[in-house]
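I have placed the structure first, in the form of structure tokens, so that the comments after it can refer back to it.
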Amino acid sequence: MDNTFVHEDLNAVIRQHSEWLANQLHSQRESLFPPDAEKTMRKFTSGEAAALLGVNDSYLRKLNLDGKGPSPELTAGNRRLYSAQDIQALRLLLEKTARKPGDYVPGRREGDHLQVIGVMNFKGGSGKTTTSAHLAQRLALRGYRVLGIDLDPQASFTALHGVQPELDLEDGGTLYDAIRYEDPEPIRSVIRKTYIPNLDLIPGNLELMEFEHDTPRALAQGNAGLFFFRVREALAQVDEDYDVVVIDCPPQLGFLTMSALSAATGVLVTIHPEMLDVMSMSQFLRMTADLMDVIAESGADMSHDWMRYVLTRYEPQDAPQNRIVAFLRTMYGEAVLNSPMLKSTAISDAGLTKQTLYEVERSAFTRSTYDRAIESLNTLNDEIADLIQKTWGRT
């Protein structure tokens, strides 16, 4: 019997496994979103559309009967369905006769500064990307002009929005193109429209790691300048185009995260309320503070409009979690958002098909499970929207 053990080259094995997985994910995407493998947003019931617009369902029906605004799709059961584009058109129509500016189009007005929200955590599994994606989509559906930036080389935020990093971004197309040290591209060249009105995307992939490698080299050669301002300076090129920028930061404290922090006006730190995660966060916060001190000493203004903690994957029936939540609220007070993101099979099941909960039909889940999860997400994201409004001097 031949017991010869064959040693394999680890690099070759990892590369082969990577290619297998990429091909399978591509096949899965094509089977989920035929025929052109592009995602589309689902239709919304009249009740959902009314809730997004802040009006009564009966008022939407009256608008339709009066021939005002887009005509909804009628189902066999005589239910009215509105596309995301329909809702945006209605929003613009209603704003024309609003009692006060911003009732239906809540974005920036003259004098309001661009809100740049960095969503971050040092530890994987904290719900960072889930938080970023649902926040960006909810704000866009509520009428804000949103730019979502995937700054995480693992690019889960990108995949959730219908772009497969290893296949769709072979020739660049990430923020790295706009912040690299040699021949940076205009940021508009890497912005792409999504299937959701008001939401644009700058995707990410492994190319972003080049910034982590380039920066020490540029610093050593004296060519980096104030490297941590590169994201801020790139965003300045499109300042007037958006109300809110949501940045899904990498899960480590590197040069990309430092640059995102320097660009941010608001910071969300995701916390999974388990003791190991809280212990990890203690180290994360200490390292972040040390890094921000270094940046501040270089002349950066590190003041922010706000910083908040988001409780993610929260289970209300879990007694140890509740003790940790009480501990955090006692210590940080209003810095912990009132609304947690509940742990839900609906959110994780939606992720299996690379979708957010806003993209899947309610009928795909048990109603109570879906309603509980969507209410949790809406309440959380609307609390953040209220923070944005307060920053602009509105209540």
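T215 places no side-chain N or O within donor-acceptor distance of the main-chain N or O of E212, the cut-off being under 3.5 Å. Counting only distance, with no hydrogens or angles, the side chain of E210 and the backbone of E207 share no donor-acceptor pair below 3.5 Å. The backbone N or O of A346 sits less than 3.5 Å from a side-chain atom of S344, completing a donor-acceptor pair. Although no hydrogens or angles enter the test, the distance criterion places a donor-acceptor pair under 3.5 Å between the side chain of Q237 and the main chain of I187. Without hydrogens or angle criteria, T312 side chain to T270 main chain gives no donor-acceptor distance under 3.5 Å. Under a 3.5 Å cut-off, the side chain of D243 and the backbone N or O of R145 do form a donor-acceptor pair. Looking only at distances, a side-chain donor or acceptor of E95 sits under 3.5 Å from a matching main-chain atom of Y104. No side-chain donor-acceptor contact under 3.5 Å links D277 to the backbone of P273. Under the 3.5 Å distance criterion, the side-chain polar atoms of Q321 are matched with a main-chain donor or acceptor of E315.
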Worked check of side-chain hydrogen bond (donor to acceptor under 3.5 Å, both in side chains) between T353 and Q355: CA-CA 6 Å; T353 52; Q355 293 177 292; 2.8 Å; yes
Worked check of side chain to side chain contact (heavy atoms under 4.5 Å, CB included) between L387 and L337: CA-CA 10 Å; L387 264 178; L337 291 175; 4.2 Å; yes
Verdict with supporting geometry, L377 and M341, side chain to side chain contact (heavy atoms under 4.5 Å, CB included): CA-CA 6 Å; L377 289 168; M341 180 189 291; 3.6 Å; yes
Audit row: Y242, Y144, ring-ring contact (aromatic ring centres under 6.0 Å, His included) steps and yes/no: CA-CA 8 Å; Y242 299 100; Y144 293 87; over 10 Å; no
Test log, rule side chain to side chain contact (heavy atoms under 4.5 Å, CB included), inputs W306 and L268: CA-CA 9 Å; W306 48 266; L268 288 174; 3.7 Å; yes
Side chain to side chain contact (heavy atoms under 4.5 Å, CB included) between L60 and Y82, worked out: CA-CA 10 Å; L60 274 193; Y82 291 86; 4.1 Å; yes
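Contact annotation: the side chain of N381 approaches that of Y358 to within less than 4.5 Å [non-hydrogen atoms, C-beta and beyond]. Using a 4.5 Å cut-off on side-chain heavy atoms (C-beta onward), L253 and M258 make no contact. Annotation: side chain of L311 is in contact with side chain of L328 (closest heavy-atom distance under 4.5 Å). With contacts defined as side-chain heavy-atom distances shorter than 4.5 Å, the pair L63/L94 qualifies. The side-chain heavy atoms of K39 and E359, taken from C-beta on, include a pair separated by under 4.5 Å. Two residues are said to be in side-chain contact when any heavy atoms from C-beta on lie closer than 4.5 Å; L380 and H134 fail this criterion. Looking at heavy atoms from C-beta onward, P153 lies in side-chain contact with L206 at the 4.5 angstrom threshold. The side-chain heavy atoms of D152 and P251, taken from C-beta on, include a pair separated by under 4.5 Å.
Heavy atoms only, all atoms of each residue included: A385 and R142 are closest at CB-NH1, 3.6 Å. For the pair F157 and H161, the tightest heavy-atom approach, listed with the atom from each and the gap, is O-ND1, 2.9 Å. Smallest separation of non-hydrogen atoms from L199 and A140: CB-CB, 3.8 Å. Minimum heavy-atom separation, S259 to V231: CB-CG2, 3.6 Å. Residues V105 and G143 share a closest heavy-atom pair of CG1-O, 4.4 Å. For D318 against E274, the heavy-atom pair with the smallest separation is OD2-OE2, 4.5 Å.
Between the CG atom in L357 and the CG atom in N378 there is a gap of 9.0 Å [rounded to 0.5 Å]. Note that CD1 of I196 and CG of L139 are 11.5 Å apart. Values are rounded to the nearest 0.5 Å. We find the OG-CD distance between S132 and Q137 to be 11.0 Å, quoted to the nearest 0.5 Å. If you take CG on N338 and CG on D386, they are separated by 10.5 Å, rounding to the nearest 0.5 Å. Rounding to the nearest 0.5 Å places CD1 of I117 at 6.5 Å from OG1 of T265. Separating the CD atom in E233 from the OG atom in S262 is a distance of 10.5 Å, to the nearest 0.5 Å.
Within a 6.0 Å sphere centred on CE of M307, heavy atoms belonging to other residues, nucleotides or ligands number more than 12. Other residues, nucleotides and ligands contribute only 12 or fewer heavy atoms inside 6.0 Å of the CD atom of E182. Around CZ of R61, the count of heavy atoms belonging to other residues, nucleotides or ligands within 6.0 Å does not exceed 12. Counting heavy atoms of neighbouring residues, nucleotides and ligands inside a 6.0 Å radius, atom CZ of R109 exceeds 12 of them. Residue E375 qualifies as open at atom CD: its count of foreign heavy atoms under 6.0 Å is 12 or below.
Between the side chains of Y314 and N322, at least one donor-acceptor pair of N or O atoms lies under 3.5 Å. Under 3.5 Å, the side chains of D57 and S46 contain a donor-acceptor pair of N or O atoms. Inspection of the S156 and Q154 side chains reveals no N or O donor paired with an N or O acceptor under 3.5 Å.
In this structure, D382 pairs ionically with R138, as a charged nitrogen and a carboxylate oxygen lie closer than 4.0 Å. Classification of E383 and R308 as a salt-bridged pair fails, no side-chain N sitting under 4.0 Å from a carboxylate O. Ion pairing of K43 with D86 is absent here, as no side-chain N (NZ or NE/NH1/NH2) approaches a carboxylate O to less than 4.0 Å. Salt-bridge formation is not detected for the pair K390/D305: no Lys NZ or Arg NE/NH1/NH2 atom is positioned less than 4.0 Å from an Asp or Glu carboxylate oxygen. Ionic pairing of R180 and D183 is not present here: no N-O contact between side-chain nitrogen and carboxylate oxygen is shorter than 4.0 angstrom. Salt-bridge annotation for D239 and R108: present, with a side-chain N of the basic residue lying under 4.0 Å from a carboxylate O of the acidic one.
At a threshold of 4.5 Å between side-chain heavy atoms, the hydrophobic network of Ile, Leu, Val, Met, Phe, Trp and Tyr places Y195 and I191 in two separate groups. By the criterion of side-chain heavy atoms lying less than 4.5 angstrom apart, applied directly or through intervening Ile, Leu, Val, Met, Phe, Trp or Tyr residues, I384 is not grouped with V336; the two fall into different hydrophobic clusters. M331 is connected to V267 through a chain of hydrophobic side-chain contacts under 4.5 Å among Ile, Leu, Val, Met, Phe, Trp and Tyr, so both are in one cluster. Both M41 and L90 are part of a single hydrophobic cluster, where members link through side-chain heavy atoms under 4.5 Å apart. Cluster annotation: L135 and L160 are assigned to distinct hydrophobic clusters (Ile/Leu/Val/Met/Phe/Trp/Tyr, side-chain heavy-atom contacts under 4.5 Å, transitive).
For the pair R372 and Y370, the cation does not sit on the ring face, since its NZ or CZ is not both under 6.0 Å from the ring centre and inside 45° of the axis. Note that R230 lies outside the cation-pi zone of F255, set by a 6.0 Å cut-off to the ring centre and a 45° limit from the axis.
Looking at T130, T131, T129, T158 one by one, the single match for side chain to side chain donor-acceptor pair (under 3.5 Å) with D248 turns out to be T129.
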